Asks: 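Structure incoming, see below.
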2 protein chains.
Amino acid sequence: MKSKITLKELAKLLNVSISTVSKALHDSSEISPKTAKRVKELASLHNYRPNPVAVNLKKSRTGTIGVVIPNISNSFFARVLSGMEAEAQKHDQQIITYISNESFEREKQICDMLTSGMVDGVLIAVSEETQKKQQYDHLFALLDYDIPVVIYDRINLGLPADKIGVDDEKSFFDATKFFRAKGLEKIGLASAIHHVGIGQLRIKGYKKALKDEGAAMMATSTKPDDLKKKIRDLITEKKIEALLCTDFESAIMATRIAYEEKINIPEDLKLIGYISREIAEFLTPSLSYIEQHPQELGSNAIEILNNRLDGKYESGKFEEKIIATTLIHLESTKF
Amino acid sequence: MKSKITLKELAKLLNVSISTVSKALHDSSEISPKTAKRVKELASLHNYRPNPVAVNLKKSRTGTIGVVIPNISNSFFARVLSGMEAEAQKHDQQIITYISNESFEREKQICDMLTSGMVDGVLIAVSEETQKKQQYDHLFALLDYDIPVVIYDRINLGLPADKIGVDDEKSFFDATKFFRAKGLEKIGLASAIHHVGIGQLRIKGYKKALKDEGAAMMATSTKPDDLKKKIRDLITEKKIEALLCTDFESAIMATRIAYEEKINIPEDLKLIGYISREIAEFLTPSLSYIEQHPQELGSNAIEILNNRLDGKYESGKFEEKIIATTLIHLESTKF
DNA sequence: CTGAAAGCGCTTACAG
DNA sequence: CTGAAAGCGCTTACAG
């Protein structure tokens with residue numbers, strides 16, 4: 001049970017001053033090679049590690065990044081976090097995780113706490129509830145305290161901060177075009193997130209790619225039963241040939257309804273969903289999906305934050321980076 | 001852009017000493033109500049928040065807990081993390097997330113870094129690779145530095161630390177008994193994790209519940225192709241009536257193979273898997289599964305760590321808590 | 001009731 | 001080349 005050794009203790013053992021020890025360990029040119037060697041040997045013998053809290057206090061930074069995640073059970077966010085962690089590790093930064101559970105109150109609490117300077121910067125995907133309320137004061141508070149914020153994934157909220165997201169609009173534009181190029185005409189869309197930013201962008205892309213907006217056939221609702229009814233209508237009554245789903249919930253519902261109604265996928269109905277690979281690949285039949293490259297998004301978020309912290313961006317001007325999605329064809333879009 | 005105000009600055013503005021300000025803000029009885037009031041008013045006007053780094057340095061603790069996660073894409077761990085975060089929040093503690101990606105090297109790196117005292121304690125699910133190597137020196141290093149460790153989920157490794165896990169053995173014992181009670185005789189098991197602790201426990205429970213060990217019909221392999229072949233054999237040649245899967249991979253494979261071989265679930269084959277609710281519910285047909293209550297596991301892990309930190313446990317003796325799993329019946333076990 | 005001082009563990013400009 | 005001193009922002013025993 002070796003308790004941690006400090007600079008002071010090392011200094012005493014070596015009969016030199018604390019300053020000397022500190023400098024020696026930092027390879028300062030001020031220190032004679034001989035002393036440097038003695039110091040380093042003893043330090044490694046005792047397995048000396050500088051107390052990170054003290055170092056941070058001295059440097060007035062924390063080496064720590066706060067990440068606010070709306071919903072960690074969504075494997076998209078889990079993978080974003082993984083990308084962030086990997087990138088942070090390269091810079092010896094720590095990630096402190098906060099989960100808002102899509103709640104405005106919790107998100108506000110988190111941001112309030114973060115204004116105390118616990119972290120050098122914050123990465124956040126704004127919760128659904130906050131988007132609905134359109135109350136962003138807690139985010140402005142962070143900026144007021146000079147804590148840089150990078151908004152990730154859910155970016156089209158008009159907030160003055162650096163942003164990293166995905167080409168939501170283009171992804172569905174392309175997917176819709178893909179179906180049209182294959183000669184399909186009755187292309188539907190299902191969404192449980194039509195009320196939030198990313199949902200709206202996806203819908204926008206879909207509509208733009210149609211012959212005209214009148215051709216849109218959409219099932220949208222935040223209420224599961226309602227959504228289910230609308231999707232069923234699209235599939236059985238409107239007899240759509242292809243369906244784009246903006247989110248996990250609607251994609252799974254559609255698969256399920258097709259199964260119940262004995263509509264074969266992909267023979268009778270093509271399906272594309274905004275769901276993560278883990279699930280897409282393992283559904284039966286497997287579901288073609290939009291790959292959002294979450295890990296890349298995560299590592300980019302960290303990079304942008306670090307650039308901001310390092311003063312590489314002009315203050316008052318904000319970065320906005322968009323990652324290209326990829327449409328992955330699995331069984332549900334076989335022609 | 002208010003930059004953070006400090007005790008010193010408040011003191012100057014109020015024409016009192018730093019000590020007085022500090023005491024006033026801590027409701028010390030030493031301070032006159034009048035001064036206390038003045039101080040508090042100015043503090044809240046300036047939105048004073050104590051610098052957490054300085055407070056921690058003073059208190060020689062960090063208010064921070066390190067969590068090592070083997071694989072965050074596994075939604076079980078994502079939900080465990082969510083439970084930890086919620087519990088930590090109640091105690092004003094921060095969670096620093098580290099992802100080992102089931103890699104021994106990475107896990108060792110993480111533990112080495114944590115010995116520097118970045119965190120008050122560590123929660124870890126030991127990586128698969130580490131379990132294979134059975135090298136736990138990096139964990140002992142943490143204990144050497146007096147950093148308490150709680151092992152979660154993957155607990156039967158014989159390590160001297162507090163533990164919180166799930167009744168892996170009993171869960172499969174019960175599940176097997178359930179099938180036998182229904183009169184089934186050919187009960188198989190599939191596993192891609194037969195080589196790690198939790199896999200072994202599940203297999204043990206299964207075997208114990210059989211009439212005799214000779215009745216065991218198992219498909220185990222870490223190689224996907226090999227495992228697939230063995231499961232197919234169990235299903236088509238051995239004509240098992242029920243299959244227990246110890247993990248996500250084997251469960252999904254089994255579903256898929258049944259689909260390809262036109263074996264109907266649950267009519268021709270009952271299936272139970274160790275997979276998470278998110279996926280189980282949405283498969284077609286939905287898959288009966290063992291609910292492990294990951295959030296509860298997470299919050300308990302934090303509680304145990306905090307009890308340890310608070311000296312509520314005898315040192316040298318270790319807690320071991322087991323959470324009861326629940327068998328959730330969905331479509332795949334309909335009789 | 002208030003304040004000066006020491007100290008948490010470190011870094012670094014400055015003096016010698 | 002080495003060390004004393006100041007300081008990061010806070011807390012708290014002690015003196016007055």
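Computed from a predicted model, the values in this text were never measured in an experiment. Side chains are part of it too, since the values below use all heavy atoms of this structure and drop only hydrogens, waters and symmetry mates. In what follows, chains are A, B, ... by sequence order, proteins preceding strands, each numbered from 1.
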Asks: Reckon A:Y48 has a side-chain N or O less than 4.0 Å from the OP1 or OP2 of C:dC10?
Replies: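 Checking A:Y48 against C:dC10: at least one side-chain N or O falls below 4.0 Å of OP1 or OP2.
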
Asks: Quickly work out the A:N56 CG to D:dC10 C1' distance and round it to whole Å.
Replies: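 Taking CG of A:N56 and C1' of D:dC10, I get 15 Å after rounding.
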
Asks: By the 4.0 Å heavy-atom rule, please label B:S19 as base, sugar-phosphate, or nothing.
Replies: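 Base contact.
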
Asks: Does B:K58 make a side-chain donor-acceptor contact with the base of C:dG7, cut-off 3.5 Å?
Replies: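 Donor-acceptor pair under 3.5 Å: yes.
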
Asks: Should A:T20 be listed as having a side-chain N or O under 4.0 Å from OP1 or OP2 of D:dG3?
Replies: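 Answer yes for this pair, as a side-chain N or O of A:T20 is under 4.0 Å from OP1 or OP2.
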
Asks: Under 4.0 Å: is that the gap between some side-chain N or O of A:T35 and OP1 or OP2 of D:dT2?
Replies: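 Yes, because at least one side-chain N or O of A:T35 sits under 4.0 Å from OP1 or OP2 of D:dT2.
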
Asks: Taking atom types as modelled and ignoring hydrogens, do the side chains of B:T35 and B:S32 form a donor-acceptor contact shorter than 3.5 angstrom?
Replies: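 Note: B:T35 and B:S32 side chains meet the donor-acceptor criterion.
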
Asks: Any Lys/Arg nitrogen of A:E102 or A:R154 sitting under 4.0 Å from an Asp/Glu carboxylate oxygen of the other?
Replies: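 So A:E102 pairs with A:R154 through a salt bridge.
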
Asks: Tell me the interatomic distance from B:K23, atom NZ, to C:dC1, atom C1', rounded to whole angstroms.
Replies: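 So the NZ-C1' distance, B:K23 to C:dC1, works out to 9 Å.
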
Asks: Under 4.0 Å, heavy atoms only, any strand: does A:P33 hit a base, just the sugar-phosphate, or nothing?
Replies: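 If one applies the 4.0 Å heavy-atom cut-off, A:P33 turns out to touch the sugar-phosphate alone, with no base involved.
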
Asks: Please report the distance, rounded to the nearest Å, between CZ in B:R49 and C1' in D:dC10.
Replies: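 Computing the B:R49:CZ to D:dC10:C1' distance gives 15 Å.
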
Asks: Looking at every non-hydrogen atom in both residues, tell me the closest pair between A:R308 and A:P148 and how far apart they are.
Replies: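 In this case the closest contact between A:R308 and A:P148 is CG-CB, 3.7 Å.
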
Asks: Any idea which heavy atoms bring A:R61 and A:N56 closest together, and the distance?
Replies: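 Where A:R61 meets A:N56 most closely, the heavy atoms are O-CB, 2.9 Å.
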
Asks: Among side-chain atoms of A:N101 and A:E107, is any donor-acceptor pair under 3.5 angstrom?
Replies: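 No.
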
Asks: Any strand is fair game: report the nucleotide pairing with C:dA13 by Watson-Crick or G-U wobble, both distances under 3.5 Å, or none.
Replies: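 Paired with no nucleotide.
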
Asks: Provide, to the nearest angstrom, the distance between the CD1 atom belonging to A:I18 and the P atom belonging to D:dT2.
Replies: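 Spelled out: CD1 on A:I18 to P on D:dT2 is 16 Å.
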
Asks: Identify whether any heavy atom of B:K8 sits under 4.0 Å from a base atom; if not, whether one sits that close to sugar-phosphate; answer base, sugar-phosphate or nothing.
Replies: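 Answer is sugar-phosphate: B:K8 comes under 4.0 Å of backbone atoms only.
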
Asks: In this structure, how many angstroms lie between the P atom of D:dA13 and the NE2 atom of B:H26, rounded?
Replies: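 Atom-to-atom, B:H26 to D:dA13, this comes out as 12 Å.
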
Asks: How close or far is atom C1' of C:dG3 from atom CG of B:L7, stated in whole angstroms?
Replies: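 Spelled out: CG on B:L7 to C1' on C:dG3 is 14 Å.
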
Asks: Check every strand shown and say whether A:S28 touches a base, only sugar-phosphate, or nothing at a heavy-atom separation below 4.0 Å.
Replies: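 Since no nucleic acid heavy atom lies under 4.0 Å of A:S28, the category is nothing.
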
Asks: Under a 3.5 Å limit for both distances, which nucleotide forms a Watson-Crick or G-U wobble pair with C:dA4, could you say?
Replies: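 Its partner is none (no Watson-Crick or G-U wobble pair with both distances under 3.5 Å).
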
Asks: Which whole-number value in Å describes the distance from A:K34 NZ to D:dT2 C1'?
Replies: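 It is 13 Å, rounded to the nearest whole Å.
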
Asks: Name the residue closer to the 5' end of DNA chain C, choosing between B:K59 and A:S22 according to the nucleotide with the nearest heavy atom.
Replies: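 By nearest-heavy-atom nucleotide position, the 5'-most residue is B:K59.
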
Asks: Kindly say whether, by distance alone, the side chain of A:S17 makes a donor-acceptor pair under 3.5 Å with the base of D:dA4?
Replies: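 For A:S17, whose side chain was compared with the base of D:dA4, there is no donor-acceptor pair (under 3.5 Å).
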
Asks: Please give, in whole Å, the distance from C:dC8 P to B:N51 CG?
Replies: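 In whole Å, C:dC8 P and B:N51 CG are 18 Å from each other.
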
Asks: Quick check: on DNA chain C, is the nucleotide nearest A:E30 upstream (toward 5') of the one nearest A:V53, or the reverse? Name the residue that is more 5'.
Replies: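 Looking at the nearest nucleotide for each, A:V53 comes out on the 5' side.
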
Asks: Checking side-chain polar atoms at under 3.5 Å, does A:T62 have a donor or acceptor matched by the opposite partner on A:D120?
Replies: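 Yes, side-chain donor-acceptor contact under 3.5 Å.
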
